[in-house]
Amino acid sequence: MSRILITSALPYINGVKHLGNLAGSMLPADVYARAMRLMGHEVLYICATDEHGTPAELAAQAANMEVAAYCDKMHEAQKQAGAQFGLSYDYFGRSSAPSTARLTQHFAQVLEKNGLIEERVSKQVYSNADGRYLPDRYVEGTCPNCGFEKARGDQCDSCGKLLDPVDLIDPYSAVSGSHDVEVRDTNHLYLLQSKMSDRLREWVNASTGWPPLASSIALKWLDEGLRDRSITRDLDWGIPVTDLDGNVRDGFEGKVFYVWFDAPIAYIGATQDWATENDGDWESWWRTDKGADDVDYVQFMGKDNVAFHTLSFPTTIMGSEEPWKLVDQLKAFNWVTWYGGKFSTSQGRGVFMDQAIEIAPSDYWRWYLMANAPEGSDAAFTWEDFQSSVNSDLANVLGNFVNRITKYCVGKFDGVVPSGGEAGEAEEWLVNELSDRLPKLIKFYEARDFRKAMAETRAIWAAGNEYLTQAAPWTHYKTDVDQAAIGVRHGLNLVALFGIIAQPVIPDAAGKILDAIGVPEDRRSWNFGEVKDLLDALPIGHTVAAPELLFSKIEEESVAEWTERFGGGEA
RNA sequence: GGUGGGGUAGCUCAGCUGGUUAGAGCGCAGGACUCAUAAUCCUGAGGUCGGGGGUUCAAGUCCCCCUCCCACUACCA
């Protein structure tokens, strides 16, 4: 038994997330959380919406809403989408909650006291028409290098050169289009990450079990030299910068913390809110002096978030010199690509969570996205693969197995688990197969190797079909009902086992299977023990039902329709 | 430009510190079975492991060069 703290990278507030976001952090974290719970570990799975920053303000403006109200609305929308996908958060909080604000202000003060934060003056473009400072990417103008007229302040999309917004010719606001912009001096707090380089490198080098993707990105940044980052912005929406008395710091009116400073802190804030609402003890998860030293902390994220989780946030934690829990394991994912390109919110490319749930049950998506998780490299999404995964793995291998044996039992044995029969070669083969595969399945889950865990899950399901072919109860039934009975009995127990191992990834279908077969709640955990006993776990005489059809197949017409509707197949 | 990740059977991908005839799923071909969602099971055909050079008794696996794809490049999250 261990205590495992799990967080998935905070989904940003400006819209319902697409399947790439789901596959890269929330879903694998959920599957892992479920598996660890089944193995008897004490799990706390925390997530939250990331609500601060310029895009939130602009999205609210576009929706013609106040930012706070917009965030309220989108938080609920994301919470609902998560619930529809069965994401089993222990708590789904918000980075805009007071808890995170207090912690953020606390960390900033402690870091400044420790000499890791200092105030500096920088130049920033101010738009008079918009009444706001503009982040680099919201300033557009003519590229000084190639003459492209819609170059962004941070980079020219035409020639690819990195730019500084003050170099743009005839700059204008990308928000309003106004050319009434000017460069102003503005003071900000800087996090002196460079001072932490050595400690961070030592820590990264000492970390084991990180995927190469995570450690290589962290080391790359360290090798290039960490730059000191501004952690405040000229915005209204966010966490105010305060002094020791809790008042707004002098000269920081109209400024707030940068979202990437406070977002990871929301992991802690959300845990506090979980504790408040559930009579829990947040300190035992986050304070190493209050019991968190035995916690195994695992973070899930897309590759774009690695640097923040391996460098920026650890700087905050370590630099505080307070006994906060640091991350132990990171699981970083590549992208799910959409017909050769990226999923894109702005261009409406790809499938979003709310649309996905409309066209297929969550289990279908969960299985497909995990079986094809972008672990080693980017993974291509195609409708044909989705169809093939669902039809072959879920409908044919698992669904049909459950269906064939339960219906046969109902038809020939009145739905009662039969006694009798003697174990032979088929049974020996099955025991060996399961004895070999179940430990591997557990190992893959523990190592967070999702593709392999799914392949193993499928292989175990397939072994059930193979066993039935060998045992052939329908053949024995004609001459020796007892011999047919052992095949049916083991088949039914396999149904139960298949449901049990399916729980982390396809919880809805697994629940239906286990309910139909009558496996009580307290017998659904992953304490496998002797394989022989697993095959006789259901009591003789116990009544089972044939569940409703678990998975209906995805027809060609659906694929065609979705391809048409979502624009899949374009270059 | 820099950095990182990729280029392995028709498709999607495994192949850790180099070592017997390079693997899986899907698809395809043939066969078996008939309990089942025309499902399942068995067998098989398919690869000069992006290209070239090198190290080694031995390289998909290490080194160099070339080439193609993707991501990141820090005030976008």
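Note that these values count all heavy atoms, side chains included, but never hydrogens, waters or copies made by symmetry. The sequence lines fix the lettering, A, B, ..., with proteins before strands; numbering per chain opens at 1.
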Euclidean distance for [atom1], [N] against [M] (whole angstrom):
N	M	atom1	result
B/G23	B/G47	P	13 Å
B/C13	B/A39	C1'	25 Å
B/G4	B/C65	P	13 Å
B/U34	B/G27	P	23 Å
B/A29	B/U20	P	34 Å

Checklist entry - If we ignore angles and hydrogens, is there a donor and acceptor under 3.5 Å between the side chains of A/T186 and A/K123? => result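 Looking only at side-chain atoms, A/K123 and A/T186 do not form any donor-acceptor pair under 3.5 Å.
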For the side chain of [X], starting at C-beta, report the closest nucleotide among [options].
X	options	answer
A/D393	B/U12, B/U40, B/G25	B/G25
A/P55	B/A74, B/A14, B/C76	B/C76
A/F551	B/U37, B/C76, B/U12	B/U37

Watson-Crick or G-U counterpart of [N], or none if no pair lies under 3.5 Å:
N	answer
B/U55	none
B/C72	B/G2
B/U12	B/A24
B/U40	B/A32

Please classify the nucleic acid contact of [X] as base, sugar-phosphate, or nothing, using heavy-atom distances under 4.0 Å.
X	answer
A/F401	nothing
A/A455	nothing
A/Y477	nothing
A/A263	nothing

Has [X] got a side-chain N or O lying under 4.0 Å from the OP1 or OP2 atom of [N]?
X	N	result
A/Y258	B/A77	yes
A/N391	B/U37	no
A/K553	B/A38	no
A/R458	B/C26	yes

Please give, in whole Å, the distance from [N] [atom2] to [X] [atom1]?
X	N	atom1	atom2	answer
A/L398	B/G25	CG	C1'	16 Å
A/E555	B/A38	CD	P	11 Å
A/R233	B/C75	CZ	P	7 Å
A/K452	B/C13	NZ	C1'	11 Å
A/E556	B/C26	CD	C1'	14 Å
A/L550	B/A39	CG	P	17 Å
A/L430	B/C41	CG	P	14 Å
A/Y190	B/C75	OH	P	10 Å

Checklist entry - Could you go step by step and tell me if A/H75 and A/Y70 meet the side chain to side chain donor-acceptor pair (under 3.5 Å) rule? => result CA-CA 8 Å; A/H75 173 80; A/Y70 174 81; over 6 Å; no
Checklist entry - Hey, does the side chain of A/E57 reach the backbone of A/W237 with a donor-acceptor pair shorter than 3.5 angstrom? => result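 Checking the backbone N and O of A/W237 against the side chain of A/E57, a donor-acceptor pair under 3.5 Å is found.
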Does the distance from a Lys or Arg side-chain N to an Asp or Glu carboxylate O, for [X] and [Y], drop under 4.0 Å?
X	Y	result
A/E446	A/R448	no
A/K553	A/E555	no
A/R451	A/E375	no
A/R120	A/D228	yes
A/D234	A/R132	no

Item to check | Aromatic A/F333 / basic A/K331 pairing, under 6.0 angstrom, 45° off normal | outcome: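 Output yes; distance and angle both within limits.
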Checklist entry - What about A/R229: does its side chain form a donor-acceptor pair under 3.5 Å with the base of B/C75? => result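 Donor-acceptor pair under 3.5 Å: no.
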Item to check | Donor-acceptor pair present, A/N400 side chain and B/A36 base, under 3.5 Å | outcome: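 In this structure, the two groups form a donor-acceptor pair.
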Checklist entry - For B/G46, does the glycosidic angle fall within 90° of 0 (syn) or outside that (anti)? => result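 Syn, since the glycosidic angle lies within 90° of 0.
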Can you give me the N/O atom pairs linking the protein to nucleotides 27-35 of chain B at distances under 3.5 Å, or say none if there are none?
| unit_1 | atom_1 | unit_2 | atom_2 | d |
| --- | --- | --- | --- | --- |
| B/C35 | O2' | A/R404 | O | 3.3 |
| B/C35 | O2 | A/R404 | NE | 3.0 |
| B/C35 | N3 | A/R404 | NE | 3.4 |
| B/C35 | N3 | A/R404 | NH2 | 2.5 |
| B/C35 | N4 | A/R404 | NH2 | 3.1 |

